[in-house]
2 protein chains.
Amino acid sequence: MADKRPGRVTLKDVAKAAGVSIGTASDALAGRGRMTKQTRDRVAETATELGYVASALGKGLRTGRTNAIGVHHQNAVTALSTPYFRDFLAGAIAIAQHHDYDLTVLSSNWVEPRRTAPRVDGIIIIDPIGDDTRARELMTYDLPVVAGEHLPEGMPKCAVVAADHRGAVETILATVIEQGVHEPLIISPDRNSGWGDELRRVFDDWCAHNGLVGSLREVRFADRDPEAFRSWVTTELRARPGIDFILTASTAAARGALRAVADQGRVPGRDVLVACCSDDPSLLQAEPAVTAVDLPARSLGAACARWLFEMLDDPAEAANAPGALRTVPAHVSFRASTSGRTTAGSAIVRP
Amino acid sequence: MADKRPGRVTLKDVAKAAGVSIGTASDALAGRGRMTKQTRDRVAETATELGYVASALGKGLRTGRTNAIGVHHQNAVTALSTPYFRDFLAGAIAIAQHHDYDLTVLSSNWVEPRRTAPRVDGIIIIDPIGDDTRARELMTYDLPVVAGEHLPEGMPKCAVVAADHRGAVETILATVIEQGVHEPLIISPDRNSGWGDELRRVFDDWCAHNGLVGSLREVRFADRDPEAFRSWVTTELRARPGIDFILTASTAAARGALRAVADQGRVPGRDVLVACCSDDPSLLQAEPAVTAVDLPARSLGAACARWLFEMLDDPAEAANAPGALRTVPAHVSFRASTSGRTTAGSAIVRP
DNA sequence: GTGAAAGCGCTAACAG
DNA sequence: CTGTTAGCGCTTTCAC
């Protein structure tokens, strides 16, 4: 009911006014076809005169192109408050704009499947979560899809761009093992998160390699309350008093761990080393500052978008991409929380 | 050339497979029309069997609805690094998702007009800038448009949602006038910014009302380098040594002003009061902390989206909106930079 | 060089 | 109750 812009001037109007056929008008405006410069100019003129603007819809229907890529996140609204998501978006938008593409933030409101393919040429799924039904649905439309971060087990395969968590975390682990750590604890997201899977893998490999018995505490990916972590870690610490290293996924967990360790009357960064697989300003200001992996959100977003455009340009690429992985380097900021006994003083030194 | 998804199953396929006409299939899936529950179910079944997903393009072309709203910013990529823009987006997305709409960040890459209407039902222009040709172009497509913040002089009219800058700034001015300020300086964006226009208006009114002669320094809206502001303010301060109050638009300008005042061997917050018409964490940490207007970015974004949906639902609203203004309250955080002589000590007190 | 016509996938009249 | 038809605005053969 609502619509059909009445004043809308269409290609047909332009054609009629310019005294050419509708096909010719199309060609003229698009700089296509062979025609006298005169005709072309005349059409262009009448188009501007009439205030003609091409309908992206009509064009899209015909060409199969929408000139937009979509991004999906399980909860875009709250995610927008994190620097990670914001930087990711910035990276993706930068690439999209470079291709003169719009970027659509897909509504994640749909409780039930919508059964309507979004009006985009390809989709980036940020932080794919196992129980995100909408993400799964998006992957069934046969649009090219690239996931920003590892897919959890059991999700359909698609192209994946991930930070090099293994490389980054291994440099942290190498540092702490030198300091004689021998009872590590990892606090990681559960099996709904591919990131969590990867972190646990790296951790397990390292434990195995060094003959250590690590313990594991799984939490939901979206948990963000430091106090909850504080009590969980306290529980772990009571159960295993020998724990001397805590590796956390989220920054909230790291902060919670710091407090929990202090609660035990032990000194974080000396008695118990702490490191985090992600970073934000709170870790720098923490006491002691926490060694952390700086996730390259912006590069990730850019890399996802770039790959998507490759797939758009080359169907063969699109066909091969599912299952493939690209990796973006991640750097580690070493701070007092892993400086250990050797420089323990610096952890609490003040200017 | 690129396209035409070959495997794409269309409504026609479903209709054929279900043994009904294409129109009936459409009605069945949409829960429209009157037909036996049996037929409807059969169609639905075959649809899922075949993996049918409706094309948003075809539907959009027909209905004139795209189920997406667009946002435009002169430079979305860099703006994304500001909390303001991010919060604005979050507000708009929240409302959009509530209506089950996608939100498209329009590409601002286009050096020259694209002459193609974006695939959206309405547009939000964030921070409309006078020399933003793309924004002007967007306003010519006859889509409903709402601007987030005041339009600069000379821009076509549209619906405007703005923070209540007048209210907020006036409470600041009331405070400083009590402290005997009598030579104020305002540093505001130039005529390209409607926000700047508004701030200057409020400032001028206040000066006139109190019989003060204020001075004005105009800068570009996008200027963000505190050092540049530092030297500009220094120039002003040299030219008019009596300046005892500086009102800035941007936080960078406020920080620059602080330094410039100190450069003169005077104490900001005591000898020269400073206040800012926008806020961010840097002003809280500044020395002294700067009194600032807390721009309600999220509410602004939400209000823009909300109005847009009203216009979408009601053509009459859309017709009346251009030229209309809605206002969102803005709060002031009073801090040491305007505490003046009475409590000057607190401006430089340290724990 | 230019025009006519088909059709992208869908919905909305109107027949039957 | 269901099928047919006519487009939405555009691009793209293919005739002329």
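Computation of the quantities below employed the complete heavy-atom set of this structure, encompassing side-chain atoms and omitting hydrogens, waters and symmetry-equivalent molecules. Throughout, protein chains are lettered first and strands after them, A, B, ... in sequence-line order, and every chain is numbered starting at 1.
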For a quick check of understanding: with a heavy-atom distance under 4.0 Å over all strands, which category does [X] fall into, base, sugar-phosphate or nothing?
X	answer
A:Thr10	sugar-phosphate
B:Asp27	nothing
A:Leu11	base
B:Ala54	sugar-phosphate
A:Ser55	sugar-phosphate
A:Thr36	sugar-phosphate

Between [atom2] on [N] and [atom1] on [X], what's the gap in Å once rounded to a whole number?
X	N	atom1	atom2	answer
B:Ile22	C:dT11	CD1	C1'	9 Å
A:Leu61	D:dC8	CG	P	13 Å
A:Arg65	D:dT12	CZ	P	12 Å
A:Arg62	D:dT13	CZ	P	8 Å
B:Lys37	D:dC1	NZ	C1'	16 Å
B:Asp13	C:dC8	CG	P	10 Å
B:Met35	D:dG3	CE	P	9 Å
B:Lys12	C:dT11	NZ	P	15 Å

Under 3.5 Å side-chain donor-acceptor pair for A:Gln97 and B:Ser108 =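 Checked: A:Gln97/B:Ser108 side chains pair up, N/O donor to acceptor below 3.5 Å.
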Select one nucleotide: of C:dG1, D:dT11, D:dT2, the one nearest the side-chain heavy atoms of B:Thr24.
->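 It is D:dT2.
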Among C:dC10, C:dG9, D:dC10, find the nucleotide with the atom closest to the side chain of B:Tyr52.
->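 Looking only at heavy atoms from C-beta outward on B:Tyr52, the closest nucleotide is C:dC10.
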First encountered from the 5' end of DNA chain D, between B:Gly19 and B:Gly58 =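 Of the two residues, B:Gly19 wins.
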Give a yes/no on whether any side-chain N or O of [X] is located under 4.0 angstrom from OP1 or OP2 of [N].
X	N	result
B:Lys59	C:dT11	yes
A:Thr39	C:dT2	yes
A:Ser26	D:dT11	yes

Between B:Gly23 and B:Leu57, who's closer to the 5' end of DNA chain C by nearest nucleotide?
->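 Result of the comparison: B:Leu57.
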Salt bridge B:Arg326-B:Glu149, side-chain N to carboxylate O under 4.0 Å =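 So B:Arg326 does not pair with B:Glu149 through a salt bridge.
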Is the shortest distance from a Lys or Arg side-chain nitrogen in A:Arg136 or A:Asp132 to a carboxylate oxygen in the other one below 4.0 Å?
->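 A salt bridge is absent here (no side-chain N lies under 4.0 Å from a carboxylate O).
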B:Arg65 vs B:Tyr101, side-chain hydrogen bond (donor to acceptor under 3.5 Å, both in side chains): CA-CA, chis, key distance, verdict | CA-CA 11 Å; B:Arg65 285 274 193 169; B:Tyr101 261 58; 2.8 Å; yes
What are the two closest heavy atoms between B:Ala159 and B:Met311, and how far apart are they?
->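 Result for this residue pair: CB-SD, 4.5 Å.
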pair A:Pro144-A:Leu312: side-chain heavy atoms closer than 4.5 Å =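 In contact.
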